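Following: one structure in C-alpha cells, then a few remarks.
Fair warning: this is a prediction, and the values are worked out from it, not measured in the lab.
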Amino acid sequence: MDFLSLMTQGGIVSQLVAALLLAMSVASWVVILWKTWLLHRAAGDVARSTAAFWQSASMEQAGEKVAAFDREALVWPLIAATKLPAAGTLATAGDKSQQLTRVLRDALHAVLHKLQFGQVLLATVGSTAPFVGLLGTVWGIYHALVGIASAGQITIDKVSGPVGEALIMTAAGLAVAIPAVLAYNIFGRSIGRIEADLEGFARDLRELLAHKA
C-alpha cells in the first residue's frame, strides 16, 4: 500500500490526513515556484531601477526610466510616494523631512508585504506537516492493531505489514515539510537582501528630497 492507496483504502481519518498533506504539498509548491520566479525578477529589477534612478537628470526622467525596469513595482511606489499631498491635512504636519519619512515608510511596508507574501504559508506547512503525518501514523497503527486483534491470530507478518503502511504517513509528512522549510529559509535570505536595498534607496531618496527646494 502506498500513499495514494491510503487515501482510497484507509479509514476516514487516514483519508483526511492524506488529503490534507496533499493539499499542503500542492499549495507549498505553487508558492515555491511563484516566489522563485518573483524574487529572481525582483533582485535584478531593483538593482537596475535604482541604478537608472541615480543616473537620471531629473525626477521626471528618473520616474520614466524606473517604470521601464521595475516590472514587479518595487521601486516605483517609493518614488510615487514622494509626491506629497496638498497642505491642510494631518498628512502634511511637520517639516518636509518628516512627511517624506512617513510616506516612504508606508510605501516601503506595502512593497515588503508583496515580497513576504507566501512566507507564512511555507512556515506553517514546514512546522505542521510532520505532525499531521504523525497523526496519520498513530491512527493507522491503532486501526491496524484493532484489525489484527479482531482477526484472533497475531503473527509478525500480520503486524509488520499494516504498521509499515501506517508509517508511510510520517514519511509523507516529512516529504511535504522539508521543501517548505528549505524554501522558506532560502527565500528569507533573498528577501532580506532586497529589503536592505529598498530601505537604503528609500533613505537616500528622503535625504535627496528633504533638502531639495
Practice problem: Check whether any side-chain N or O of T137 sits under 3.5 Å from a backbone N or O of T170 as a donor-acceptor pair, and report yes or no. | Solution: yes

Any side-chain heavy-atom pair from [X] and [Y] closer than 4.5 angstrom?
X: E195; Y: E199; answer: yes
X: W76; Y: F69; answer: no
X: I191; Y: K35; answer: yes
X: V31; Y: Q119; answer: no
X: E207; Y: L100; answer: no
X: F187; Y: T36; answer: yes

How long is the gap from [atom1] on [X] to [atom2] on [Y], to the nearest 0.5 Å?
X: S25; Y: L20; atom1: OG; atom2: CG; answer: 11.0 Å
X: S190; Y: N185; atom1: OG; atom2: CG; answer: 11.0 Å
X: I79; Y: E60; atom1: CD1; atom2: CD; answer: 11.0 Å
X: L104; Y: D204; atom1: CG; atom2: CG; answer: 11.0 Å
X: T50; Y: L205; atom1: OG1; atom2: CG; answer: 11.5 Å

If you compare all heavy atoms of [X] against all heavy atoms of [Y], which two are closest, and at what distance to 0.1 Å?
X: G133; Y: L21; result: CA-CD1, 4.1 Å
X: L78; Y: L108; result: CD2-N, 3.7 Å
X: S49; Y: V75; result: CB-CG2, 3.8 Å
X: L74; Y: L198; result: O-CD2, 3.8 Å
X: P77; Y: D70; result: CD-OD2, 4.1 Å
X: A43; Y: I194; result: N-CD1, 3.9 Å

Practice problem: Could you give me the CA-CA distance, side-chain angles and deciding distance for T124 and M24, then say whether side-chain contact (heavy atoms from CB on, under 4.5 Å) is met? | Solution: CA-CA 9 Å; T124 302; M24 294 170 74; 5.9 Å; no

Self-check item: Verify same cluster id: V125, L135 (apolar side-chain graph, 4.5 Å)
Solution: yes

Quiz item: Shared ILVMFWY cluster between V138 and M169, side chains joined below 4.5 angstrom?
Solution: no

Quiz item: Within a reach of under 6.0 Å around CZ of F53, are more than 12 heavy atoms found that belong to other residues, nucleotides or ligands?
Solution: yes

Practice problem: Decide yes or no on side-chain contact (heavy atoms from CB on, under 4.5 Å) for R206 and F201, but give the supporting numbers first. | Solution: CA-CA 9 Å; R206 182 184 67 82; F201 176 74; over 6 Å; no

Self-check item: Trace of the side-chain contact (heavy atoms from CB on, under 4.5 Å) decision for R48 with R71
Solution: CA-CA 11 Å; R48 286 189 292 268; R71 295 171 295 181; 3.5 Å; yes

